[in-house]
Structure formats: C-alpha cells, structure tokens
Visitor: 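I'd like to ask some things about the structure below.
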There are 2 protein chains.
Amino acid sequence: MRASDKAYAALRDDIVEWRLAPGTVLAEVEQSERLGVSRTPLREALGRLTAEGLTMAGGRGVVVTDISLEDIDELFELRETLEGKAAALAARRGDAAIFERLRQELLRAPELISGDEPALHDYYELVGRLDTAIDAAISNSYLAQAMRSLRVHLVRIRRLAADDARRLTAAAAEHAAIAEAIAAGNPKLAEAATIVHLHRSLSHVKATHATHPKEHHG
Amino acid sequence: MRASDKAYAALRDDIVEWRLAPGTVLAEVEQSERLGVSRTPLREALGRLTAEGLTMAGGRGVVVTDISLEDIDELFELRETLEGKAAALAARRGDAAIFERLRQELLRAPELISGDEPALHDYYELVGRLDTAIDAAISNSYLAQAMRSLRVHLVRIRRLAADDARRLTAAAAEHAAIAEAIAAGNPKLAEAATIVHLHRSLSHVKATHATHPKEHHG
DNA sequence: GTCGAATTTTCTGTATACAAAACCCTTGTA
DNA sequence: TACAAGGGTTTTGTATACAGAAAATTCGAC
C-alpha cells in the first residue's frame, strides 16, 4: 500500500467518523507527522479529499468541510434524482434473478438487525451489495461515478443519525421493495420505491439531528 | 498563478481540444519539461485530471481517457437527469427577471451566429451565462458541482461535432425556450424543454460522429 | 490605549535527490 | 519456436531542502 493511499484512507475515515470536526485545519507538517508519512504523499491525499468535497482549500491549508442542515437537504435532493434514475435503469437493464435473490436476503435482514454487533455489520454489507448490483445493472459509468461521490457524504451523515433497530428494520423492508420492483422490471415502481425510501431516510436523519445536534466549531 | 494550476490548465486544454489523443501516456518527466514546471506540481495536475475523469491511472503513468460512442450515450443519459432536474428547480426558485433577460438575448443570438469568429465567441459566452444563472438559481451546491464535472466532458465532445450555423441557430432557440419556461416558473415545461434540447444535441453529435469519426489509437 | 506598519515566524509551493517498483529486453531452455 | 526467468532500464513514489507568501506579533506613533 502506498503512503499516499494510507494517508488518504486515514484522513477520510477520521473525517467521516467525525473524529476530525468540521472547520479543523489540516496543517501539512502536523498531519504528516501524525500519520507517519512525508508531506508529498500527504498533499496528494489532501488533494483527493478536496476533490471529493470532504475538505476545501482555505486561505492557509485545507479545512474539513461542514455539513449543515441545508446541505443535507441539497444532498438528498441530488440523491433522489440520481438514485431514482438508477433504480429505473436497473429495472430496465438488470438481471432479474440477481435482484430477486437480494430481495430474499433483505426480507431475512430483521434477524441480522436484532442480533448483536457483527450481525449488524452483515446487514450493512448486504445493503452495500444492493448498491453494487444497481451500479452494475445500469451500465452507465458516469452515473455510477456520480453516485459513488455522493455516498462518501452520506456515510458521514449516517453517523449523525441514531441507527436504531426500528428504523433499520423499516429500511430493510424499503430496500426489499426496491429490489422487488427492479426484479419485476418495473422502472416507474423502482423509482417510486427509491424516492419513498430516501424521503423516509431523510426524515429520520433530520429528526435525529434536531434531537441530538452535533456540536461544531468554526 | 501557481505552477500546478498552469500545468493543470495546459493539460486540460490539450485533452479537451484533442491535441492529446485518447490513450496517450503522460510521462511525468516528459510533460514537466514540456510545460516548464517540475514534477511535483505536475503530479498534482495529473491528480486533478484523473479525479475529473479526463485521465486515468494505468499501470505505468496516467493515460488520456477515451470517449467512445457508448460513453456519449451514458454522458447524455446522466446529463438529461441532472440538467432536467436543474431546470425544474430553477423554474421553482429562480428570479424570473434574470431568465427573461437571458431569453431576450438568446432570441437575438442568430445575429451572432451568422457573424464572424469573435461574434461566435459571444454566443458561447451567452450560453455559458445561462448555465451559470441556472447553477445560481437552483441553490444546490452538490447538484451544481455534479453538472460542472459533466461539462468538462461535454466540451470535449462538442469538439467532435461540427458546429454549423444551422445547428447553432436551432440550439439558440431551444435555449430560449428553456429560459422562457424558467422565467414563467413552470418546472415541468422547463424540464421538458431541456430534455428536448439535449436529445437534439445528442442526435447532432452522433450524426456528425458517424460521418467524420475521430481517429483514435489504443 | 488603540491603530497601523514593519518584522518575524510559520506555513504552503516548488524543486530535486533518492528509493522502489514496474516494464522490457535479453538469454537460456524445453 | 515458444516460453520463462533474470537483469537492466525506465518510470513512478517518497523524502527533504529551499523559496515565497501569508498570518501573527511586536514595536512605534498618534
């Protein structure tokens, strides 16, 4: 593994997991010493993070970007557009057998959710497989790339919301509905199911955020 | 201007204007000597280009990405989704006076098109102002960013198509229709007008490409 | 005491030297 | 003749030294 990759992965995780708060300035010497790499690969890592929108180039050094409530609205507005379209395309072009199998797994997901920590990890892995399957089914690399760049920010937001068992169970059912619509080859229904799911997710995130707002400085 | 910015701008132009053909490997020492900068800022430029999708990291060095006919289809599929949504949002949130003024200018655009070279530049600048106005009106930085990253590739494709006066005149009318729908505050119509315009553009590009296919090596 | 300018300090931007890895060509063998 | 292994060569990846710019601090004047 290259040093720049290592620095990138470490900083990305620190930002996504909110260990590096928004507004934090990432001084090059400081971070390079902390991560055990020299300034050159660190700068490359910072460049990648800035391209993804996790950091931005301020007057001096790069700064961890903030995610405000308005940002969440904007993010989900774009997400609705992209993932709605993707679901519709997957329904047209995807392999029904793959999505039918994913639907079966998603219907059994509540067992994972009510289980302990490692089982929960299995659930996230399953949802990730659905995303991957949709990415592959749409056969549009530009759309897939646009969705990938969005997901980074979404993981960051997910950390704000309390992933209680009730919400996760409901989300699993919503995902199953999406998989079912795609397997049935129904584009309009797949898009509608996706939009419903995203709105429910957004409501949940905003409700959580209103109750337990994350403290920022800057 | 920083050396890395200079290298980035030069390489970006070379790729977009097809002076650097798809498949060309951009060796670091070679390009840094050609552009008169050292390897460090050149690498930063290459990183930015790769993040934008104009180049990709191959086994050895970065190579200029290709744009095939399928890529063009994929690109316009995403463009339809994003710009359609953007036009609809602009119709809801935009300032009618701004778009009414742009519509007036677009109706007078045929004079620019039939004129000589510098007048043509004025026309492109006008279309660019419409894009900028839409970007500002939607007040969604993530959507705006997604469209910006698309436009780089679109400029590259535009170079493939022969921008004859007939097509440009028609395009100006289509743009005027979009501006009119936004000014009227009609989201559905704005989206429809955008989709119509994009399909006409795509047809034109593909027709041109079928007649005069650009030769690639790779 | 406060505002402003000059100086100092600290940080980023760039160049270059060195290390490591990937590729290519040669050479030997089946 | 085809294929594999080895070394050599080229190219990328990393570290560090130096230059330039921006911010902070201090000193002076009003």
Side-chain angles (χ1 to χ4, degrees), chain A residues 1-15 19-66 145 148-149 152 216-218, chain B residues 1-16 19-66 145 148 152 216-218:
Chain A
M1 191 183 209
R2 299 185 302 183
S4 61
D5 291 339
K6 174 184 159 191
Y8 166 77
L11 283 170
R12 185 173 174 279
D13 277 5
D14 285 342
I15 294 172
R19 288 189 293 265
L20 284 172
T24 306
V25 294
L26 302 176
E28 294 181 2
V29 286
E30 173 191 8
Q31 294 301 317
S32 66
E33 283 173 5
R34 180 172 79 91
L35 300 174
V37 299
S38 90
R39 276 183 62 212
T40 306
L42 184 101
R43 279 175 68 92
E44 187 179 316
L46 290 178
R48 276 205 261 172
L49 292 169
T50 300
E52 284 179 294
L54 288 178
T55 60
M56 58 183 182
R60 175 125 99 177
V62 305
V63 184
V64 178
T65 53
D66 195 6
Q145 173 59 32
R148 262 195 301 275
S149 68
V152 184
H216 301 164
H217 60 104
Chain B
M1 193 184 207
R2 298 185 301 181
S4 62
D5 291 340
K6 174 183 157 190
Y8 167 76
L11 284 170
R12 184 172 174 278
D13 278 4
D14 286 342
I15 295 172
V16 164
R19 287 189 295 265
L20 285 172
T24 306
V25 293
L26 302 177
E28 294 181 1
V29 286
E30 174 191 8
Q31 294 301 318
S32 66
E33 283 173 6
R34 180 173 79 89
L35 300 174
V37 300
S38 90
R39 276 183 62 213
T40 307
L42 184 101
R43 279 174 69 93
E44 188 179 318
L46 291 178
R48 276 204 261 173
L49 292 169
T50 300
E52 284 179 294
L54 288 178
T55 60
M56 56 183 182
R60 176 124 98 177
V62 305
V63 296
V64 178
T65 53
D66 195 6
Q145 173 58 31
R148 261 196 301 275
V152 184
H216 301 165
H217 59 104

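Here is how names work: the chains are called A, B, and so on, in the same order as the sequence lines, proteins then strands, and each is numbered from 1. The analysis underlying the following values was restricted to heavy atoms, covering all of them including side chains, and did not include hydrogens, waters or symmetry mates.
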Visitor: Using a 4.0 Å heavy-atom cut-off, does B:Arg60 contact any base of the nucleic acid, only the sugar-phosphate backbone, or nothing at all?
Guide: base

Visitor: Extract, from 5' to 3' on DNA chain C, the first and final nucleotides lying under 4.0 angstrom from some heavy atom of chain B.
Guide: C:dG13 to C:dC23

Visitor: Work out which heavy atom in A:Val37 is nearest to a heavy atom in A:Pro41; give both atom names and the distance.
Guide: CB-CG, 4.1 Å

Visitor: Taking A:Thr55 for the side chain and A:Val63 for the main chain, is one N or O donor matched with an acceptor at less than 3.5 Å?
Guide: no

Visitor: Do the side chain of B:Ser4 and the main chain of B:Ala45 share a donor and acceptor less than 3.5 angstrom apart?
Guide: no

Visitor: So which heavy atom on A:Met56 is nearest to which on A:Thr50, and how close?
Guide: CA-CG2, 4.1 Å

Visitor: If you take all heavy atoms of B:Val64 and B:Leu20, which pair is closest and at what distance?
Guide: CG1-O, 4.0 Å

Visitor: Less than 3.5 Å between a donor and an acceptor, one on the side chain of B:Arg39 and one on the base of D:dG13, is that the case here?
Guide: yes

Visitor: How many Å lie between CG on B:Leu26 and P on D:dT11, as a whole number?
Guide: 13 Å

Visitor: Considering only heavy atoms from C-beta outward, does the side chain of A:Val152 approach that of A:Arg12 to under 4.5 Å?
Guide: yes

Visitor: In whole Å, what is the span from the CZ atom of B:Arg2 to the P atom of D:dA21?
Guide: 13 Å

Visitor: Measure from CE on B:Met56 to C1' on D:dT12 and round the result to the nearest Å.
Guide: 17 Å

Visitor: In residues 40-48 of chain A, what residues come within less than 4.0 Å of DNA chain C, judged by heavy atoms?
Guide: A:Arg43

Visitor: Which atoms form the tightest heavy-atom contact between A:Leu49 and A:Ile15, and what is the distance?
Guide: CD1-CD1, 4.3 Å

Visitor: Can you tell if the side chain of A:Leu26 reaches within under 4.5 Å of the side chain of A:Arg34, non-hydrogen atoms only?
Guide: no

Visitor: With nearest nucleotides of DNA chain D determined for B:Ala27 and A:Gly36 from heavy-atom distances, which residue corresponds to the more 5′ nucleotide?
Guide: B:Ala27

